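Here's the structure we're looking at; comments come further down.
As the structure is a prediction and not an experimental result, all values here were calculated from the model.
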Amino acid sequence: MRIAGFDLGTVTLGIAVSDQNGKIAFSKETWRYEDGDLKSLAIKACDYLKDCGIETVVLGLPKHMNGDVGISGERSLAFKDAMEAVNSDLKVVMWDERLTTTIALKTIAITKTKHKAQKRKAKVDSLAAVNILQSYLDSLNRG
């Protein structure tokens, strides 16, 4: 059972996918999209998930440190609704993504990888998606 992880930004979507056993998350890619065009992004994402045989996606839900859902969180909830409108069989799990971008930035810094700003942003987004997905997979595999 493969599961996808998504990190939705203002104009990017970081993507991670699990292995067949649902144990380990791997970075796949980062897509750019037009700001606010969640419908087109949802169609593209649902096509991608269908092509990969994935029926569950873990979508990061950005929250403030006090737990409130802000503008970014509302964007993620709207994207969830858009994906479910495209594919009603898709299971979308909202997952608290606090600090995933910070962890991704630290990972890049530790590896001392030198990327241009745009490539670094894409790497951060896909690594944030890995962190979201791996956290979810770990929660499933604890039992």
Side-chain angles (χ1 to χ4, degrees), residues 1-109 111 113 115-143:
M1 141 188 93
R2 293 178 71 204
I3 300 172
F6 286 172
D7 177 50
L8 182 69
T10 308
V11 293
T12 59
L13 179 69
I15 302 169
V17 177
S18 76
D19 65 332
Q20 283 296 111
N21 299 319
K23 304 276 185 196
I24 301 172
F26 296 94
S27 173
K28 290 306 274 185
E29 56 191 302
T30 300
W31 295 343
R32 292 191 63 75
Y33 69 96
E34 292 295 321
D35 185 14
D37 191 6
L38 296 178
K39 184 176 180 179
S40 295
L41 182 62
I43 292 168
K44 181 178 179 179
C46 286
D47 287 345
Y48 175 83
L49 295 169
K50 184 178 178 181
D51 290 345
C52 294
I54 295 172
E55 298 173 356
T56 302
V57 62
V58 182
L59 175 59
L61 178 61
K63 292 183 178 182
H64 298 294
M65 291 310 287
N66 68 2
D68 290 346
V69 175
I71 294 169
S72 295
E74 293 297 331
R75 182 183 313 106
S76 287
L77 292 168
F79 184 52
K80 174 187 187 287
D81 292 343
M83 284 192 298
E84 290 175 337
V86 172
N87 180 355
S88 60
D89 294 329
L90 181 65
K91 179 180 176 185
V92 181
V93 177
M94 299 305 294
W95 199 256
D96 186 346
E97 70 165 44
R98 282 179 278 191
L99 300 179
T100 57
T101 299
T102 301
I103 293 166
L105 285 167
K106 286 182 180 183
T107 302
I108 288 173
T111 61
T113 322
H115 296 288
K116 290 188 178 182
Q118 189 170 3
K119 285 186 176 181
R120 184 173 50 246
K121 173 68 174 137
K123 193 69 170 167
V124 167
D125 291 338
S126 65
L127 283 175
V130 167
N131 291 328
I132 291 164
L133 180 55
Q134 191 63 56
S135 174
Y136 175 76
L137 296 173
D138 291 347
S139 77
L140 291 180
N141 294 316
R142 279 189 204 120

To check you understand the geometry: which heavy-atom pair defines the closest contact between [X] and [Y], and what is its length?
X: S76; Y: G60; answer: OG-O, 3.1 Å
X: A45; Y: F6; answer: CB-CE1, 3.8 Å
X: R75; Y: G9; answer: CD-O, 3.7 Å
X: G5; Y: A129; answer: O-CB, 3.6 Å
X: E74; Y: V69; answer: N-CG1, 3.8 Å
X: V17; Y: R2; answer: CG1-NH2, 2.8 Å

Report task. Anything under 30° is parallel, anything over 60° is perpendicular, the rest tilted; go ahead and classify W95 against Y136. Result -> perpendicular
Nearest 0.5 angstrom please: [X] [atom1] to [Y] [atom2], how far?
X: L8; Y: L61; atom1: CG; atom2: CG; answer: 10.5 Å
X: I54; Y: I3; atom1: CD1; atom2: CD1; answer: 9.0 Å
X: D81; Y: K39; atom1: CG; atom2: NZ; answer: 13.5 Å
X: L49; Y: N87; atom1: CG; atom2: CG; answer: 8.0 Å
X: L38; Y: K80; atom1: CG; atom2: NZ; answer: 14.0 Å
X: M94; Y: L77; atom1: CE; atom2: CG; answer: 4.5 Å

Query - Set of side chain to side chain donor-acceptor pair (under 3.5 Å) partners for D47, sequence neighbours left out - result: none
Requested in this report: For E55, check side chain to side chain donor-acceptor pair (under 3.5 Å) against everything at least two apart and list the hits.
Outcome: none
Report task. Determine, stepwise, if the pair L13 / K44 fulfils side chain to side chain contact (heavy atoms under 4.5 Å, CB included). Result -> CA-CA 11 Å; L13 179 69; K44 181 178 179 179; over 6 Å; no
Query raised in the report: For residues 12-38, which residue pairs qualify under ring pair (Phe, Tyr, Trp, His ring centres under 6.0 Å), counting only residues two or more places apart or in two chains?
Result: W31-Y48
Query - Note, Q20 side chain near M1 side chain (heavy atom, < 4.5 Å) - result: no
Donor-acceptor pair, [X] side chain versus [Y] backbone, under 3.5 Å?
X: S126; Y: S27; value: no
X: D7; Y: V130; value: no
X: Q134; Y: A25; value: yes

